[in-house]
Undergrad: 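Pasting in a structure now, in structure tokens, and then I'll have a few things to ask.
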Amino acid sequence: MKVRKSVTIFEDEIAVYDEAREYLKQESFNKDELVQKFEEVINKYCRLINTTRRLCSISDVQSKELKRREIEIKNLLDNSDQGFLTFGKNLRVDKEHSSECTRIFNKKIKNKDILELLHAENEAQNQLFANVFRAVFDLQDREAQLACLGDLPNLIKINENYIIVKYKIINTDEFEENSERLMLILTDITERKKVEDQILFLSFHDKLTALFNRAYVEGVMPQLQTESNLPFSIIMADLNALKLVNDVFGHEYGDKMIVQAAKVFLKCCRKSDIIARWGGDEFLLVLPGANQQVCARICDNIKAMFDSLPIEQMGLSAALGGATIENWKTDISELISVADHVMYSNKLKESKNTRETVIFSVKKLLESKCSAYIGQSERVEAIAYRFAQLWESGEEQQGMADLLLLARLHDIGKVAMPAELLNNCTALSECELKTIRKYPEIGYRMAQSIGEPVLAQSLLALQEQWGGNGYPYGLKGDQIPFFARIIAIIKAYDVMTHDQPYKPKMSREDALRELERCAGTQFDPNLLRFFLDNACYVIDSTSGTSDE
């Protein structure tokens, strides 16, 4: 069945008019005065219908325009990232004018009590809102109303979000009594505040360690200079092994060492103390109310805690300098200079011990990575000592200490190699060979970092060969440092006579024959001849640790 199309009221009325006109056109119809009046009425009626139709059409257009504008305004409000709400004297929300209100309050808020919506843990603030909102609707003067609103906070927390609030007095209908409304414009600045807080934090804190920074300490110096903080102490600390770690393992590993040092300082200081990262490897410890004894005790605790760190920390330690004042005749900046001077003085005094600690830590770390290195440096050092005793060439004999240091640290660069590479039992790939061949250069950098330039040059040349086929630079003959030529022979002998991950040990005799075979190509022929001729003496010096 066909559905009959509906027609508007105007179409129905026009159809009635058309029917009446057709009726009056009949010839048989007598057009007396009454008929003429009727015709005039229906003509006027037609004009009325047309006029009404035009008015309704205009009204429809205006209605659509109003609807369009309403949707447009709502879209603007919904996308303005602001919440708009209004309420009257009864303090109940008329409606939320944007979707942001629903997000901020986490619910629909129409007809909700505004005081309940803004309720906070701060009871004083809750009471203030209640008093002001009620007072605003009782006041008649606009300036008095605005002054009253000025007492309200502009930043509040709603559901853990930080909200800026603006207060506006509006009239929703100028022809209606009691149409005055209070509009709240809500702007969520939580993310912005987090960024601002982070910027503020970074302004006075070190990004890496989260300790205070130099700017903070310099800013609070005037506040610290009070009688209640006397006696007053300062400790300046300078990390010892940081340059070595940065040179060998990279700055990322060095950053971990800095963080570890910061933890040591925090654990050893009191809650009232201020610990700051003063520079790259320098820290400043501010100790209000600490006398000399307290300052010294904290220094001792710091040293003890550094000593207890695991070997992975590469002998991390710090040179410390403390200074104390009993009155404010000396200000804090001068006290820092005194502590700094003491710290550097101690650093010089402790430099030998620091170097030995670093060397010991590196050696232990290498042994923990690969058991084949356990005892190796001691054996090589013992043979080198006997060798040097017999060698009589004058100038070289004077470098006994340098030779023995090289013997002790000949493989120091391997500490930066991956453990799986050091323990590899199969032939190395090209990529692995490229990696392992970096260790002489790493050893060079490490020796430079601990102030041993002679050692550094020898470490760099340990894999060079007399015939020029070694690495990293292909040096040949006398271009290779003298001590490096000696240790190359001794190390090769020790490696051959002890089990390695990739090869079992060989007998002493087979090892000596292999050395002799490489004379003039891998090893200095004169030094090797001397070693072979005196093998019984120099090798027997390690009989307690070497295998026949």
Side-chain angles (χ1 to χ4, degrees), residues 244 247-250 362 366 370 372-373 376-377 380-381 383-384 387-388 391 393 395-396 399 402-418 421-422 424 426-496 500-503 511-532:
L244 183 149
D247 289 345
V248 176
F249 296 98
V362 171
L366 179 58
C370 180
Y373 294 104
Q376 187 193 77
S377 62
V380 172
E381 185 177 357
I383 295 175
F387 185 98
W391 184 265
S393 61
E395 184 178 347
E396 289 82 1
D402 289 332
L403 177 64
L404 296 183
L405 184 61
L406 176 62
R408 194 181 315 144
L409 300 178
H410 63 276
D411 274 333
I412 189 175
K414 289 183 179 179
V415 74
M417 297 293 106
L421 192 56
L422 297 177
N424 189 19
T426 59
L428 298 178
S429 66
E430 284 297 322
C431 182
E432 289 171 332
L433 279 172
K434 188 176 180 181
T435 299
I436 201 72
R437 286 179 176 176
K438 292 178 181 178
Y439 90 86
E441 297 178 48
I442 294 173
Y444 170 84
R445 294 201 302 270
M446 294 177 75
Q448 291 282 23
S449 296
I450 60 175
E452 294 290 346
V454 175
L455 172 66
Q457 293 297 331
S458 297
L459 287 171
L460 187 61
L462 270 180
Q463 290 300 320
E464 301 288 3
Q465 296 184 8
W466 183 261
N469 293 322
Y471 63 87
Y473 298 115
L475 302 181
K476 62 192 304 185
D478 292 337
Q479 292 177 328
I480 304 170
F482 179 72
F483 294 146
R485 283 180 268 154
I486 295 175
I487 297 301
I489 296 170
I490 299 172
K491 176 189 173 183
Y493 171 79
D494 185 82
V495 168
M496 286 189 287
Q500 304 299 318
Y502 54 87
K503 188 178 181 182
L512 293 176
R513 280 193 292 271
E514 181 64 20
L515 288 175
E516 189 171 20
R517 188 181 68 80
C518 296
T521 54
Q522 184 173 347
F523 304 113
D524 181 331
N526 295 324
L527 289 175
L528 181 59
R529 187 74 266 159
F530 184 83
F531 179 84
L532 295 174

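In this text the structure is predicted, and so the values were computed from the model without any measurement.
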Undergrad: Does the pair Lys438/Glu441 count as a salt bridge with the N-to-O cut at 4.0 Å?
TA: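 No.
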Undergrad: Supply the atom-to-atom distance Ser377 OG to Lys491 NZ, rounded to the nearest 0.5 angstrom.
TA: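 Here the rounded value is 12.0 Å.
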Undergrad: Determine whether Ile442 and Arg445 make a side-chain contact, defined as any pair of heavy atoms from C-beta on separated by less than 4.5 Å.
TA: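 In contact.
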Undergrad: Please round to the nearest 0.5 Å and tell me the distance separating atom CE of Met417 and atom CZ of Arg437.
TA: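 It comes to 13.0 Å.
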Undergrad: Contact between Leu528 and Trp466 at the side-chain level, heavy atoms closer than 4.5 Å - yes or no?
TA: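 A side-chain contact under 4.5 Å is absent here.
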Undergrad: Could you tell me whether the side chain of Leu532 reaches within less than 4.5 Å of the side chain of Leu512, counting heavy atoms only?
TA: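 They are in side-chain contact.
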Undergrad: Keeping the roles fixed (side chain from Glu464, backbone from Ile480), state whether a donor-acceptor pair exists under 3.5 Å.
TA: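 Checked: no pair found.
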Undergrad: Nearest 0.5 angstrom please: Lys414 NZ to Cys370 SG, how far?
TA: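 Here the rounded value is 8.5 Å.
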Undergrad: Report yes if some heavy atom in the side chain of Leu366 is under 4.5 Å from a heavy atom in the side chain of Leu422; otherwise report no.
TA: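 Touching, per the 4.5 Å side-chain cut-off.
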Undergrad: I'd like to check the ring-ring contact (aromatic ring centres under 6.0 Å, His included) partners of Phe249; sequence neighbours left out, ordered by chain and number.
TA: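 ring-ring contact (aromatic ring centres under 6.0 Å, His included) check on Phe249 returns Tyr253.
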Undergrad: Can you find a heavy atom in the side chain of Asp402 that is under 4.5 Å from one in the side chain of Leu455?
TA: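 Side chain of Asp402 against side chain of Leu455, heavy atoms only: no contact under 4.5 Å found.
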Undergrad: Using the side-chain contact (heavy atoms from CB on, under 4.5 Å) rule, take Ile487 and Leu403 through it: C-alpha gap first, then chi angles, then the decisive distance, then the call.
TA: CA-CA 8 Å; Ile487 297 301; Leu403 177 64; 3.8 Å; yes
Undergrad: Show your working on side-chain contact (heavy atoms from CB on, under 4.5 Å) between Gln479 and Tyr473 and close with a plain yes or no.
TA: CA-CA 10 Å; Gln479 292 177 328; Tyr473 298 115; over 6 Å; no
Undergrad: So does Ser429 get a backbone contact from the side chain of Glu432, meaning a donor-acceptor N/O pair under 3.5 Å?
TA: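 Yes; judged by distance alone, with no hydrogens or angles, the pair exists.
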Undergrad: Find out whether Glu452 and Leu405 are in side-chain contact, i.e. whether some heavy atom of one side chain is under 4.5 Å from a heavy atom of the other.
TA: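 They are in contact (side-chain heavy atoms under 4.5 Å apart), so the answer is yes.
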Undergrad: Please report the shortest heavy-atom distance between Leu460 and Pro472, naming the atom on each side.
TA: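 Closest heavy-atom pair between Leu460 and Pro472: O-CD, 3.3 Å.
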Undergrad: I need the Ile486 CD1 to Phe387 CZ distance, nearest 0.5 Å.
TA: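 Output value for this atom pair is 5.0 Å.
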Undergrad: Identify the heavy atoms of Tyr471 and Pro440 that sit nearest to each other, and give their distance.
TA: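 Reported closest heavy-atom pair: CE1-CG, 4.0 Å.
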Undergrad: Is there a side-chain contact between Met446 and Val415, using heavy atoms and a 4.5 Å cut-off?
TA: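 With C-beta onward as the side chain, the pair touches.
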Undergrad: Show your reasoning for whether side-chain contact (heavy atoms from CB on, under 4.5 Å) applies to Thr521 and Gln465.
TA: CA-CA 7 Å; Thr521 54; Gln465 296 184 8; 5.7 Å; no
Undergrad: To the nearest 0.5 angstrom, please state how far the CZ atom of Arg513 sits from the CE atom of Met496.
TA: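 Reported to 0.5 Å precision, the distance equals 11.0 Å.
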Undergrad: Looking only at non-hydrogen atoms, find the nearest pair between Phe483 and Ser458 and report the distance.
TA: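 Heavy atoms of Phe483 and Ser458 come nearest at CB-OG, 4.1 Å.
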Undergrad: For the pair Trp391 and Phe482, name the ring-plane relationship: parallel under 30°, tilted 30 to 60°, perpendicular over 60°.
TA: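 Judged by the thresholds at 30° and 60°, the geometry between Trp391 and Phe482 is tilted.
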Undergrad: A side-chain contact here means heavy atoms from C-beta on lying under 4.5 Å apart; do Tyr502 and Asn424 qualify?
TA: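 In short, these two side chains do not touch, never coming nearer than 4.5 Å.
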Undergrad: Decide yes or no on side-chain contact (heavy atoms from CB on, under 4.5 Å) for Phe523 and Phe531, but give the supporting numbers first.
TA: CA-CA 11 Å; Phe523 304 113; Phe531 179 84; over 6 Å; no
Undergrad: How many angstroms lie between atom CD of Glu381 and atom CD1 of Ile383, to the nearest 0.5 angstrom?
TA: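 Going from CD on Glu381 over to CD1 on Ile383, the span is 11.0 Å.
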